[in-house]
Amino acid sequence: MKTNEFVLKFANVNGSGSASANALVARAIFRMGVPVAPKNIFPSNIQGLPTWFEVRASARGYLGRREGIDLMVAMNPQSWDDDIASIVPGGYVLYDNTFIQKFERSDITPIGVPLTRLVNKRFEIPRERQLFKNVAYVGVLAALLGIDVGILEEMIARQFRGKDDAIRANLEALAIGRNYTLETFDCPLDVRVEASDAVGDSIMIEGNAAAGLGCLFAGATVAAWYPITPSTSLAEAFERFCSRYRIEEETGKRAYAIVQAEDELAAIGMAIGAGWNGARAFTATSGPGISLMGEFLGLAYFAEIPVVLFNIQRGGPSTGMPTRTQQSDIISCAYASHGDTRHVLLFPADPAECFEFAIEAFDLAERVQTPVIVMSDLDIGMNDWTTRPLATDPDRRFDRGKVLDADGLDAVERFGRYLDVDGDGIPYRTWPGTHPEKGAFFSRGTSHDEYAGYTEDGTVNVRVMERLLRKFDTARSLVPAPVYGQDTFGATLGLIHFGSTGAAIPEALEMLTNRRIRVDSMRLRSFPFPAEVADFILAHEKVFVVEQNRDGQMRSLLINECDIDPARLVPILIFDGFPVTATRVTELIAAAVGHGSAAGGSEAA
Amino acid sequence: MKTNEFVLKFANVNGSGSASANALVARAIFRMGVPVAPKNIFPSNIQGLPTWFEVRASARGYLGRREGIDLMVAMNPQSWDDDIASIVPGGYVLYDNTFIQKFERSDITPIGVPLTRLVNKRFEIPRERQLFKNVAYVGVLAALLGIDVGILEEMIARQFRGKDDAIRANLEALAIGRNYTLETFDCPLDVRVEASDAVGDSIMIEGNAAAGLGCLFAGATVAAWYPITPSTSLAEAFERFCSRYRIEEETGKRAYAIVQAEDELAAIGMAIGAGWNGARAFTATSGPGISLMGEFLGLAYFAEIPVVLFNIQRGGPSTGMPTRTQQSDIISCAYASHGDTRHVLLFPADPAECFEFAIEAFDLAERVQTPVIVMSDLDIGMNDWTTRPLATDPDRRFDRGKVLDADGLDAVERFGRYLDVDGDGIPYRTWPGTHPEKGAFFSRGTSHDEYAGYTEDGTVNVRVMERLLRKFDTARSLVPAPVYGQDTFGATLGLIHFGSTGAAIPEALEMLTNRRIRVDSMRLRSFPFPAEVADFILAHEKVFVVEQNRDGQMRSLLINECDIDPARLVPILIFDGFPVTATRVTELIAAAVGHGSAAGGSEAA
Amino acid sequence: MSFVSKPRFHHPRLPRNALGLTRRDYEGAMSTLCAGCGHDSVSAAIIEACFELDLPAHRLAKLSGIGCSSKTPTYFLSKSHGFNSVHGRMASVATGANLANRDLTYVGVSGDGDTASIGLGQFAHAVRRQVDMLYVVENNGTYGLTKGQFSATNDRVSVGRKGQRNAFEAIDLAVMAIQLGASFVARGFSGDKDQLVPLIKAALTHRGFAFIDVISPCVTFNNHFGSTKSFEFVRDHEHSVLATDYVPYHETITASYAEGEVIDVTLHNQCRLRLRKLDSDYDHGDPVGAVRYIMDRQAQGEVVTGLLYLDTGDDDLREKLELTSRPLNSLDEDALRPSPEVLESINASLR
Amino acid sequence: MSFVSKPRFHHPRLPRNALGLTRRDYEGAMSTLCAGCGHDSVSAAIIEACFELDLPAHRLAKLSGIGCSSKTPTYFLSKSHGFNSVHGRMASVATGANLANRDLTYVGVSGDGDTASIGLGQFAHAVRRQVDMLYVVENNGTYGLTKGQFSATNDRVSVGRKGQRNAFEAIDLAVMAIQLGASFVARGFSGDKDQLVPLIKAALTHRGFAFIDVISPCVTFNNHFGSTKSFEFVRDHEHSVLATDYVPYHETITASYAEGEVIDVTLHNQCRLRLRKLDSDYDHGDPVGAVRYIMDRQAQGEVVTGLLYLDTGDDDLREKLELTSRPLNSLDEDALRPSPEVLESINASLR
Ligand SMILES: Cc1ncc(C[n+]2csc(CCOP(=O)(O)OP(=O)(O)O)c2C)c(N)n1
Ligand SMILES: Cc1ncc(C[n+]2csc(CCOP(=O)(O)OP(=O)(O)O)c2C)c(N)n1
Ligand code: SF4
Ligand code: SF4
Ligand SMILES: [Mg+2]
Ligand SMILES: [Mg+2]
């Protein structure tokens, strides 16, 4: 019996309207109190290519991606063979038997429903026939899985509020599929949903939407961006939320400015200009955009201008796999731009953290006066996640950092934009227009002295560069600390992970424990690394660094920044573009431990 | 007595024509058989700011920059105080006593010559007065230092061949200074030049000119560039040499194409387009240009297109110190672009190597089908160096790598652009237009299979990405090997250096030996690191990594790529923008050794 | 090197060109664009033009940036080498390719996002340089591949997929090309094959930079060239069904009209595009006049199509650079490398 | 916040403006440009314009890219905040600054290299967006700071410092700005203060994108706006002396002429620049006419100066975006952050 523990997969053609129908199923399961993790696996085109939608339901809360499909909704002849092959023995395939009649695998149960025939009987227009076929299979699934049809009906009614015709037609389609199934098959299957309360007060949201909301709550007022998958929906979410919550009541005017820039160089340039001028500003991009922003990031680092950049990572290098997920911009973001530079990075692991870190990022950027890059990825950004509710402390004020107003300027003898007054490496700034006589300075990317004056004096420049290191060190104590999988360290083996990979880790740790491999885990949340990161590593003989790139980029960063012997850090690399699974992590670690080569055979007791 | 061992420094105002006059002095000393190292220290503007020109002469061949000026030619009142302060006790200052009369330091010898008065007596036009004042002090120096005036006269005559008026006027100015000095002072000083044969068959040339010549001899035909200091002179040198040696005799047409692009993105884009289409193509840039080229470098890496990039490094980050030298683009070039990428780097240490590595770079780029970045710097690129003669093997053919012509294509069953036929990770390519039926493929930055077809199959992409690693590993055995300062390793301490820093190392090693600190040295010449690099490190308890950046970027690369325990590698960082001096290197190493902290007190016997 | 192409086995009834090739020989991989996308019609027109011109496909190189439009080189001339480069930078790659081998024919395909936004600088400078190539912009006023944002060629009054208004001036790439000195500037409509094929043929045989701005409607994010009503209309109709990720199947829009005529084309979003085909007595040789004519007609709500400007007198980039007539990529050591004696004399001059 | 500036002690005889400030209060640091550089005259004109307009300097922000021209903001208005950004990207930085605080006056200074080459895309899009700013290009047809390469505004026939010919079409930035919808487009000459100061004043008070292309000769690498003879001339004369790094001291070139007049200005390289000042009856309101006029005169070898195009009707970027009248950078938590209840309702909607 696979009650509330299964993986459902839809194979469709993109542009057929399937994603909405599939999401409806995922949300309905969630509404029944079962944690779900939907993954939309879509091609880099608009219409006509194979696309998949996986829904993992797990009452235990194991929401990493999982191999082995329990029920396949096989709607795409193009990908049929692979789709059928991916079903676990004992699993099911739902298909449209209007067309397909015969079958190869005997260890799975085919469920043929004449979807096309049923739907075409009722609907005439081609567009409707296509769309209502999707809704019809939702009805079929409702029957097969035992989904509360009332929930589905309510969701449809909510979605089309005010359009009674649409509601009626959708409900009819739903019923067509459901009734046929209830009449024809023994329902529900052993793969099934039962109402539960395993989700608590969780919500379901995409990371990009959560980040956009975070920007709203962080008081971001200027957003400049250039479309690129998978970051586009972040800017669009911000725009959507602003148009709802940032309109001046009296005037109908906007308390926000969003510009679709002509490219990524302009996008970050605008954000920097706004940050320089005292607004909270951000941009969002992915892969190629990161490379294009390098020069400006160096300027913001050196001229010390706060700016927030969301990098929704995708498969690289180059244009790469634009609709697949990776964590492969770690090095290029940490050290973006020529010359000696380093940037503050945040690594959210789920949408709730996208929201929180968005807020954190603006505070940090202004507090430290430097770019802060939020390193999300396609998996978090564009998939709905079951995640804790979004929360902020309403009493927490924006931390605008060290900004002098006119009185503040009056109080200082001589204002020096780059003076380290407090010994923490962070100087004071002031915004243009603040004071008629004092505080005007000249921001520049050229070498400058403590008064922002141009200098070619190498020793002055060394002084400024060393202060920047001091400042970065201060950031170490301001960034979010890592979190641990256990209350205390007990094992000789450790595991470090970050970002979306985290979804698979609890399950992987359990699998490893089952194999008698005990591993402590730590989740990184920021760069620079707080001191406890090195402590964790040194407290373990070997530490696995799980990451979604080929080159072990986070491992490099750890070695380099913590001065750690590389021999301690064992790379666990998964970079095929799909969210990692607990099985794969477990296998790689077990292999490393078992073969004793990389991990030195230090299997824990 | 400081015969053939001294530092001469000129303090001028830029735009006054002084650099040409100063270079004349340096070249004359060189012509007398004494190795010289001139350093032009110029501001980032065109006219009116302080500029310096240092000339170190060293019969022993120690040509790193050296602190402590033996003879200062102090022609700039703006910088007077600092200039006077930089003279060693017992040194000299030459100045124009038309204006300056009094003096503070008693431990140096002032040599006042009424340059302005003398020159203005003879010349009328302001322009001539300024320029011939420069020539006049050359004459003064000829007398003071004992420079063979015949050499100077010959150089002037050569320079103005065909312009008898100019020759006559220059010689007159030279004589005005020289005669006055011979009459007034006891010449030569103890700081002096004596004819020698210490230069052997050496030549004097700037690195950028040598690299431009290298491109000529390497058969580069397409150059696209955008002006930026200090790389501009490389492209200009290439143009100059091409206009002399690449004109088709019969037609007067050019066997080369040089385009001043609209920016760096376009420059590298053009080079990549030409490389794709079978021409040897390159671009040259510095700092900000490197950041702007990131996206295209990732494309060339992933689509496997040969291209050569000269990075003439300058002071970063951002616009930084554009007229100062650094080695601070190591990380940003090694891992340029988002996603998993790594690039072949070459590190020339002097102009002769700029020439050789230019040739090497084109062979490597085509052999490995990837970008090759030649990491020069302002010091090498824009200063004249005493260097061994430029040499090539006339029998060596261009290595165009694995390129199939029409017959080659006919011979293969099915051409796969990205197939690893030979197991070395390097596939075969073919140029557009080669064969009417076979070999056409689609180059792309998106994920692709072995036949260059677009794919979103993650496992195929992993296969391609892993082959790229294999290819990079092949490159390890193709790149120039490191060179050693000693024939055998004997010390427990090692020192790694690369690029222009090398000029100071022999002297630093001698100074260290004098302090009873024995150090073996190795000069890196390439990335990926050949296996012997790790061997060298492991053969020593501690290894100092001397580099001109704040963050120890080469050290990071070594740790990361050789899996070396960071504790072994001690950073020696000098990044004030001036070429490093042996004294500074020695002091930092001695401090590290002496205090025992960083270097673990392992002073060698 | 010279090649005689070896014709493959063909259905005997397919018409053949002077090279003995059929249209099929000029086809590419199957398109993955949306059904009815204007870009596919442009690909078809390119295929037709190359067939009619008897071009040996392997002597043509096709380059592009990133976007739905930039994907299309995969869908025509599979015997030509292609280069799908990076977003907005095709022009520089094509320039370099051009210099490396002067003997091939170069076709660049771009989108309005690819050219008028991120690629504007490279476009303008390729024009100035007179790079010898055909540069096609498949202009749909939107960012197709990233799902329907406004592009810089989008009409000022348009209303987008999500109901936003476009408040910004549209960039007319044809006007810009004329201004910057392109020697061949035309505008076509993807649905008007009768006009487009001859334009492409003329451009392919032109020496210098030939630009064709092809109005090529996006059937999925069709928010260009529209009245302010267009989106509202679509939305009202789409709300009746469930999906936001549904792309309806569309027929390709076609149009056929004579020189000097004006026609209204109805787009998928039900709004109209008014096209004016240039008269036969239009003066192609007057850049100022051309710009004025385009702008005047634009003010009347008309989009002028046809060959807008032609100058056959200017040098192309290879001539401006005085390149040898031999392709640079064909030169070997003997042609390129000075002798050892030259190197010795250089050394000597540096002593 | 509002400030009353506290006048410093001044020589009593210096004239004061309505704020009680003298010209000195509008000066900047000492220039490090070459003696006689046209750019210094533009700085002087900006100082004069701000003085005459009684602008409080601290309410003005000055932005630039990289180049000799881009250095100049250091040399005027030392009480204004300045931002010397990166090469060719000033426009985007200014756009962002503009959005952050709608209440300041923005002056961007750029060079022809900075704007017409690397910065062309950003320039064009800032124009389209109608960013409310004065954008000055100090146009010398060359890359001053990197020592004299041709820029894209360089006349096609020119001969460069090293004797190369420029074979490429010049970009006329004023024409381009008009075409792209700038609402204020003018051309001035650095040496003609009488014309330049009023143009700057008008531009500073204009709402929307105001562009001034200022012909500003580079005295050191003076290879622009020249006849084919110019460089030869210089070279012949310079060979008589030693230096290649010598920058002769030059006097600033000035010119004074009346509306409708044409004058020839002799540049440092001895070649002539023919300027035509617009007649008082010129129609500023006709973009097509303006372009035609400029191009026609250009064909006659004349550079037209004056206010070429003016449109006071268009919305600026802040209006297009419907921004609140309060500067965005002045808004606090209360204005920007929805209530906890809103967040709770959002959470609820996601369950
Ligand atoms: C540097 C970079 N930025 C953004 C993107 C994302 N992107 C892909 S295609 C595209 C726009 C395509 O628009 P257009 O050129 O008009 O082509 P269309 O799809 O409309 O034919 C964008 C923004 C990218 N691939 N690279
Ligand atoms: C990205 C980048 N590329 C190149 C440079 C080098 N650079 C500095 S100024 C300049 C050109 C300046 O020309 P222009 O804008 O016309 O200014 P001018 O000096 O003539 O006033 C260049 C290419 C740079 N600083 N940054
Ligand atoms: S989204 Fe638009 S442009 Fe792209 S393929 Fe579909 S119809 Fe064509
Ligand atoms: S080089 Fe030219 S532009 Fe630069 S400061 Fe000198 S005169 Fe002016
Ligand atoms: Mg488009
Ligand atoms: Mg200029």
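This one's a predicted model, so the numbers in the text were calculated from it and none came from an experiment. Residue numbers start from 1 in every chain, and the chains themselves are labelled A, B, ... in the order their sequence lines are given, proteins ahead of strands.
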Colleague: Quick check on the interface: out of C:Q130, C:Q122, C:R129, who has the most heavy-atom pairs with chain D under 4.5 Å?
Modeller: C:R129
Colleague: Got a second to check how far D:Q179's CD is from C:D172's CG, nearest 0.5 Å?
Modeller: 8.0 Å
Colleague: With a sphere of 6.0 Å drawn around CZ of D:R274, does it hold more than 12 non-hydrogen atoms of other residues, nucleotides or ligands?
Modeller: no
Colleague: Do C:L180 and D:M176 come within less than 4.5 Å of each other through their side chains, counting heavy atoms only?
Modeller: yes
Colleague: Relative to chain C, which of D:D296, D:L321, D:V291, D:V288 shows the most heavy atom pairs under 4.5 Å?
Modeller: D:V288
Colleague: Who wins among C:A152, C:G181, C:A124 for the most heavy-atom pairs under 4.5 Å with chain D?
Modeller: C:A152
Colleague: Can you tell me which portion of D:I118 sits under 4.5 Å from chain C's heavy atoms? Options are side chain, backbone, both or neither.
Modeller: neither
Colleague: Spell out, as yes or no, whether a donor-acceptor pair under 3.5 Å connects the side chain of C:R128 to the backbone of D:E169.
Modeller: yes
Colleague: How long is the span from the CZ atom in D:F168 to the CG atom in C:D315, to the nearest 0.5 Å?
Modeller: 10.0 Å
